[in-house]
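Every value quoted in this text rests on a predicted model; they were computed, and no experiment measured them.
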Amino acid sequence: MPESHPSTSPKSKLRVRFAPSPTGFLHVGSARTFIFNWLYARHNGGNMILRLDDTDVERNTQASVDSIFEGLKWLSSGWDTPGWDELYKQSERIDLHRRTAWTIFEKGLAYRDFTPAHTGDAEKSGSQGTWLFNPGARELSRAESDRRAAAGEPFALRFRVPREGGQVVQFTDAVYGEQVKFATDIEDFALLRSDGMPTYHLASCADDADLRISHIIRGQDHLTNTFKHILIFEATGVTPPQFAHLPLLVAPDGTKLSKRRHGPVVSVTTYRDAGFLSEAFINFLCLLGWSPKDNRENMSLPELIECFSLEGINRSNAVVNFKESAAPPDVVIPTPSEAQGRNLLLASEETFDPKALWLNAEHIRGLSVEDLSARLLPIVRAAGFNVTPEKMQQVTPLIRERIKLLRDVLTAADFFFVDQLPPYDPAELIPQKGDAAMAMNVLTRAREVLAKVEFKHDPLDQALRAAAQELGVKAGQMFQPIRVAVCGRKNAPPLFETLEVLGRETTLARIEQAAEKMQWPAPSS
RNA sequence: GUCCCCGUCGUCUAGCCUGGCCUAGGACAUCGCCCUUUCACGGCGGUAACACGGGUUCAAAUCCCGUCGGGGACGCCA
């Protein structure tokens with residue numbers, strides 16, 4: 001553990017923060033950052049601060065704020081401690097940011113730049129060149145600067161990055177180690193925009209200092225920004241916090257996950273709606289870029305809190321192995337609410353990282369029947385089935401080993417819930433190495449047997465096996481026609497348990513229908 | 001373009017700091033076999049990786065240099 005930092009002394013509690021900007025839905029990369037921060041705080045008995053970095057009025061939306069809270073709420077739904085201990089909005093702290101900026105200015109470490117802002121954002125891509133500062137603005141005398149400001153000329157406030165003497169900016173990252181950069185490679189970044197609003201760098205550092213954040217755990221895309229942040233902290237006389245940068249989560253194409261390019265698969269709510277258990281999703285995310293180093297993979301939240309440490313974090317980017325084809329590449333998902341409607345359509349099992357699916361299935365199998373049943377019930381009901389909790393509890397053990405996503409209950413157990421089986425091909429009723437006559441015999445005999453036998457696993461087992469013997473067919477040949485008759489398909493849970501749950505009445509009715517189907521096959525087929 | 005970061009099976013990773021125990025371990029996926037009334041679960045086994053090239057060393061996945069490849073940051077966005 002990297003220690004000896006002032007803010008980690010026993011006196012002051014460890015404080016971390018998660019600071020999303022509400023410009024879109026909560027995506028999986030942000031979710032992982034949130035989880036790592038939370039885990040680190042809980043592991044060390046520290047506090048977690050949630051701060052909405054909403055200084056970009058142009059791009060912030062309430063829908064986005066709602067979506068982020070929705071995602072965080074789901075992630076933390078099973079936790080016995082809150083997802084955060086304190087909550088702030090940057091937009092309410094702008095006075096502090098401005099004061100900080102002017103303090104830096106008064107020290108001569110920032111200057112006014114009256115150069116008009118670049119119009120349009122066309123030049124943001126690639127062809128940037130190496131702009132470092134506008135000499136005329138940087139060298140403007142204080143008197144001249146004051147005069148023009150007093151005259152009402154708009155300006156941005158820029159940090160005066162030291163440009164002489166081969167000065168170096170450095171810090172130690174808990175993940176990436178010693179980081180050093182020549183100040184001459186850092187541009188004179190803006191602190192205040194010409195409308196007086198703070199920039200991200202300024203607001204973030206001013207708040208981190210004010211909120212006494214001890215550790216900043218965030219994505220590696222901020223690694224090079226950190227040099228600027230060190231400069232700000234030093235200019236305001238604050239000891240910088242400890243930094244830990246996380247390797248990026250990338251798409252199978254190797255690029256940074258993006259809402260716009262990769263669509264709903266990167267949205268947290270897509271996983272929720274598809275039937276992921278939040279604890280399984282968290283488990284999956286933790287394994288991306290972090291390892292307990294003891295080959296454990298299926299881990300509960302308490303276990304994760306127990307062994308989480310910054311030392312276990314990797315330095316190389318991790319691929320979230322979802323299927324690229326999920327969304328047409330040129331389709332833009334404009335708003336969270338609009339994306340919402342498409343999630344269910346786009347998110348099939350094929351969409352997700354197979355390991356996430358496996359972990360989810362593992363966690364599902366680890367749930368008690370009561371717990372799993374309670375989670376399944378609302379899904380089944382939302383799909384329009386009128387099912388009692390008692391019935392759900394009976395069905396749950398039969399499908400627990402057979403579903404990977406909670407929503408799979410709808411396809412795995414549908415025949416327990418419907419009154420009328422959907423149409424199926426009567427040919428399915430014919431057993432392996434058998435013919436229609438055999439199927440007919442089996443169904444006829446089954447009807448007789450099942451009319452009398454007690455509907456419990458063992459009696460059903462004995463009676464049906466005995467019947468198979470009498471008919472001179474194999475057990476499997478006996479069971480398949482019955483299975484298809486009652487389930488409407490070949491792949492289904494074990495037969496005796498299934499019949500027990502279905503009950504005599506439904507079973508006999510469906511066998512009756514199957515027999516009719518065999519006699520008068522549907523005209524269309 | 002400039003600066004920064006990264007590079008172990010298809011994917012997530014262990015091992016790297018403190019060279020030898022590495023004929024490189026685990027997991028997912030995949031293939032095969034077993035269990036079995038179907039499916040699934042479970043069990044067993046197979047295929048599969050140290051980016052490349054130079055050093056240093058008795059010995060290199062591990063240390064050094066270079067090359068190549070990938071990613072990120074460079075905005076009055078965050």
Using a heavy-atom cut-off of 4.0 Å across all strands, would you classify [X] as base, sugar-phosphate, or nothing?
X	answer
A:N225	base
A:H245	nothing
A:Q179	sugar-phosphate
A:K256	sugar-phosphate
A:T115	base
A:S21	sugar-phosphate
A:R315	sugar-phosphate

[Y] and [X] side chains, donor-acceptor separation under 3.5 Å:
X	Y	answer
A:Y271	A:N360	no
A:T255	A:D253	yes
A:T226	A:R218	yes

Inset, instruction - For A:F114 and for A:F182, find the nucleotide of RNA chain B with the closest heavy atom, then tell me which residue's nucleotide is more 5'. - result: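 Per heavy-atom nearest nucleotide, the more 5' residue is A:F182.
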Are any protein N/O atoms closer than 3.5 Å to N/O atoms in nucleotides 12-19 of chain B? If there are, list each pair with its distance.
residue, atom, partner, partner atom, Å
B:C12, OP1, A:V319, N, 2.8
B:C12, O2', A:L287, O, 2.7
B:C12, O2, A:K355, NZ, 3.2
B:U13, OP1, A:G289, N, 2.3
B:U13, OP1, A:N314, OD1, 3.4
B:A14, OP1, A:K293, NZ, 3.0
B:A14, OP1, A:N314, ND2, 3.2
B:A14, OP2, A:N314, ND2, 3.2
B:G15, OP2, A:K293, NZ, 3.4

Legend entry - Distance in angstrom units between A:R158 CZ and B:C74 P, rounded: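 For the pair A:R158 CZ and B:C74 P, the rounded distance is 13 Å.
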Legend entry - B:C3: pairing nucleotide in any strand, Watson-Crick or G-U under 3.5 angstrom: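 When the pairing criteria are applied, B:G72 turns out to be the nucleotide that pairs with B:C3.
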Protein-nucleic acid N or O pairs under 3.5 Å, nucleotides 36-46 of chain B:
residue, atom, partner, partner atom, Å
B:U37, O2, A:R483, NH2, 2.0
B:U38, O2', A:N491, OD1, 3.2
B:U38, O2, A:K490, O, 2.8
B:U38, O2, A:A492, N, 2.9
B:U38, O2, A:A492, O, 3.1
B:U38, N3, A:A492, O, 2.6
B:U38, O4, A:P494, N, 3.1
B:C39, O4', A:N491, OD1, 3.4
B:C39, O2, A:R402, NH1, 2.7
B:C39, O2, A:A492, O, 3.4
B:C39, N3, A:R402, NH1, 2.5
B:A40, O2', A:E401, O, 2.1

